[in-house]
Amino acid sequence: MTQPNFTYRPLPTQDSIRLLHLHPASAPSSPIHVHFSVARLRAAPRLILRSTPKYEALSYTWGDASERLTIFGDDDGALLLVTRNLFEALSHLRHASAPRTLWVDAVCINQDDVPERDAQVRLMARIYGAAERVVVWLGPAVDGSDLVPALVSRLASLWDERDEDDTRLVTRDETERHGIPARHDPAWAAFLALLRRPWTARVWVIQEVALSRRAVVVCGRAEMGWDELAVSASVLSRYHIFDAARLAGTDGIPTIDAARVQVRDGEHFDLEFQLAHARTFRATDPRDRVFALLGIVTDEDRAAVRPDYAADAAALYVAVAWYFVRSTGCLGILEHAGCFGRNIDLLPSWAPDWSITLPENYMSLVDVCHGAYWLDVEKHALVATDVGDDKRLCVDGVRIDLVDAVGCVLDEGGGEDAVSTVVAGKAEGDQYSSREKRFAHVFEEWETLALTIDGSLYPRDVYGDTVINAYWKTLVAGTTADSEEVDVDYARYFLDWYGKHRENGRMDTAGVVSQRDPEDSTSEEGATIYGGCVFDVCFGRRFGKTKSRYMGVFPRQTQRGDIIALLFGCRFPVVLREVKDGWDFLGVCYVHGIWPDEFVGNAAANGDKAERFTLL
């Protein structure tokens, strides 16, 4: 007799949820049996009423949806098809002699019922907040992951011993006292592999952990407390145990924990902030890039943007973009648009495509440019016209210049060690890797471009800078690692970096004014500081020059002939490309020597009228 497929019964109320009861099994290979019950969430997100049964909420990755395995549901043994990832999780998590009550999104929600799916997604904050604890399933034990819990415990004890602001290198005494292994120990490779597991890059897990009252991490048969794992992941970079190259791809857990701390401290940031900080995470459904964050945003944003899986991704992203423009009265949303192009068909160029997963090393200009550079958007407020078409954004602004030439894009070229290439220069043994050769090529091209600027002095610079001084300042957007305007120290750091990284460079560095205090940083430290700033500003972007001889750092899609403009209500200059009936928006940029407030003020004083730009 053929067994029937499982049939979902409608949930009785808007605050009802299904709970999965996982039957016990003494052998890992035993078939998985479950049954369901219905409960009501009568409580606030962080409380549980007596009428709500105790349950654990599972946080995991769905995995390949095309590979399905069978579990047996309810008393009649009806068939339920689940992904291999969920099958492995349920197999590992079931107890030997007692049932276990879980909430699991893939099976506790009828995924084929769109209205139910919408309603349940709106309950996510309450579901994870009301759970007795959240169980994070990272997957089965592989890559030596059984070695990780002991290492995590030792790193957490080091964290507890130090002051919060202490970022010193780990000392030999600390290593011995806490039993921290040498860096060639296999436990380190296992830990780094665990920090790169697919779960750490799934956008839904941010709110799943952030909203939890308590979270535990399970990998195979090993179990760790979330707090210990999170601080241990932070120790790696904070105490400089490994350089940025070795740590590439391990930022997920610290980012998730930062959201958890925000919620714990009663802070709910706006949706724009959360979207911007989750751009390195992934989602199978592009709409979930927005919906997955609604549990950790302000009440105002949550009320304005509601889960609706009947709308397509383009419609959702346009609606969210307009909501930001209208609610803020400015064009801050443009700082997130352009970047790496568009994946979503029919999405206008000025609306951010949140479906694109950005490299974790890509920095927003607002995070790497000192505040004095920004346009005062209160003084030069947004002037927009409603043309009855939500795909068109019609705004006023002034033209700055025309792009004359651009170099190639500074990017990783497919490797994890790109960061160290820019920051530190040459590898051991003075042998350049293929990626280091790529970076040498990028900077050689950029220097060649800078040297084509005629004249000894840079245009419109109040300090009378030479071209080389303007060049080194452009590469860091005129900004220090502490978000201050660069000073003579950074001229010295540039020389340290240039001597180490560009020993065959053609720039005449004699005109760089600098001085070194014997007690100041070493040349190695100076090269690292300056190189880090270069990478933060330039990664994913192009160096270029304008028709009026300015240098700048431009979006990766920029071409010769594109225009640079200041749009009222936007803090940074933007790059636009003329197309039929309007302009394509390519992204924000930094132009050295152009101070947005001053430029707009001078344009007004000269009687230059604002121009209307229709962004398509």
Side-chain angles (χ1 to χ4, degrees), residues 165-169 237-238 240 243-244 276 335 360-376 410 418-425 439 443 446-447 450 458 460-502 507 509 511-541 543 550-554 571-573 588-598:
D165 298 328
D166 189 348
T167 60
R168 293 175 295 117
L169 296 173
S237 58
R238 189 175 180 84
H240 312 288
D243 61 20
E335 295 169 19
E360 66 180 28
N361 298 311
Y362 183 81
M363 301 285 285
S364 172
L365 278 187
V366 73
D367 294 322
V368 294
C369 281
H370 60 88
Y373 182 76
W374 304 351
L375 180 71
D376 185 338
L410 183 70
V419 180
S420 62
T421 304
V422 178
V423 172
F439 277 94
F443 287 111
W446 289 9
E447 285 178 25
Y458 192 67
R460 280 174 52 89
D461 195 298
V462 295
Y463 302 110
D465 261 350
T466 60
V467 169
I468 188 172
N469 276 311
Y471 175 72
W472 73 256
K473 292 176 183 177
T474 300
L475 295 186
V476 295
T479 305
T480 71
D482 298 320
S483 299
E484 302 292 338
E485 190 174 354
V486 291
D487 54 20
V488 70
D489 286 337
Y490 270 68
R492 183 176 73 249
Y493 297 161
F494 164 71
L495 293 177
D496 294 337
W497 175 82
Y498 196 81
K500 186 178 182 65
H501 189 69
R502 297 290 302 137
M507 287 279 190
T509 59
V512 178
V513 179
S514 68
Q515 59 187 18
R516 182 180 298 284
D517 188 316
E519 296 184 1
D520 276 352
S521 61
T522 66
S523 61
E524 183 73 28
E525 292 169 329
T528 299
I529 292 169
Y530 181 82
C533 292
V534 171
F535 194 81
D536 287 346
V537 171
C538 296
F539 179 79
R541 298 183 173 95
F543 172 83
Y550 289 102
M551 300 182 209
V553 181
F554 301 106
R571 290 182 288 193
F572 296 96
V588 295
C589 66
Y590 171 82
V591 183
H592 186 69
I594 294 292
W595 296 88
D597 263 356
E598 177 187 280

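Computed from heavy atoms alone, side chains included, the values below leave out hydrogens, waters and symmetry copies.
In this structure, OG1 on Thr480 lies 7.5 Å from CG on Asp487, to the nearest 0.5 angstrom. Atoms CD1 and CE, from Ile594 and Met551 in turn, are 13.0 Å apart once rounded to the nearest 0.5 Å. The distance from the SG atom of Cys589 to the CG atom of Leu365 is 8.0 Å, given to the nearest 0.5 Å. Here the straight-line distance linking atom NE2 of His592 with atom OG1 of Thr474 works out to 5.0 Å at 0.5 Å rounding. With rounding to the nearest 0.5 Å, the separation of CZ in Arg492 from CD1 in Ile529 is 8.5 Å. Separating the NZ atom in Lys473 from the SG atom in Cys533 is a distance of 14.5 Å, to the nearest 0.5 Å.
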- Message: Show, in sequence, the C-alpha distance, side-chain angles and deciding distance for Glu485 and His370, and conclude whether the side chain to side chain contact (heavy atoms under 4.5 Å, CB included) test is met.
- Response: CA-CA 6 Å; Glu485 190 174 354; His370 60 88; 3.9 Å; yes
- Residues Val366, Phe572; criterion side chain to side chain contact (heavy atoms under 4.5 Å, CB included); working and verdict: CA-CA 9 Å; Val366 73; Phe572 296 96; 4.1 Å; yes
- Task: Applying side chain to side chain contact (heavy atoms under 4.5 Å, CB included), run through Trp446 and Leu475 and close with a yes or a no.
- Result: CA-CA 10 Å; Trp446 289 9; Leu475 295 186; 3.8 Å; yes
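Under the 4.5 Å side-chain criterion, counting only non-hydrogen atoms from C-beta, Tyr373 is in contact with Val591. The shortest distance between side-chain heavy atoms of Trp472 and Leu495 does not fall below 4.5 Å. With contacts defined as side-chain heavy-atom distances shorter than 4.5 Å, the pair Phe543/Tyr471 qualifies. Using a 4.5 Å heavy-atom cutoff, the side chains of Tyr590 and Pro573 are not in contact.
Using modelled atom types, one finds a donor on one side chain and an acceptor on the other under 3.5 Å when comparing Glu447 with Tyr498. Counting only N and O atoms by type, the side chains of Arg541 and Tyr362 include a donor and acceptor under 3.5 Å apart. For the 3.5 Å distance criterion, the side chains of Thr466 and Asn469 qualify, holding a donor opposite an acceptor.
Checking Trp497, Tyr490, Phe535 one by one against Tyr530, the ring-ring contact (aromatic ring centres under 6.0 Å, His included) holds for a single residue, Trp497.
The main-chain N or O of Ser483 is never found under 3.5 Å from a side-chain atom of Thr479 such that the two would form a donor-acceptor pair. In this structure, the side chain of Asp597 does not engage the main chain of Leu375 through any donor-acceptor pair within 3.5 Å.
Summarising the geometry of Val467 relative to Ala450, their closest heavy-atom pair is CG1-O, 3.7 Å, with the distance given to 0.1 Å.
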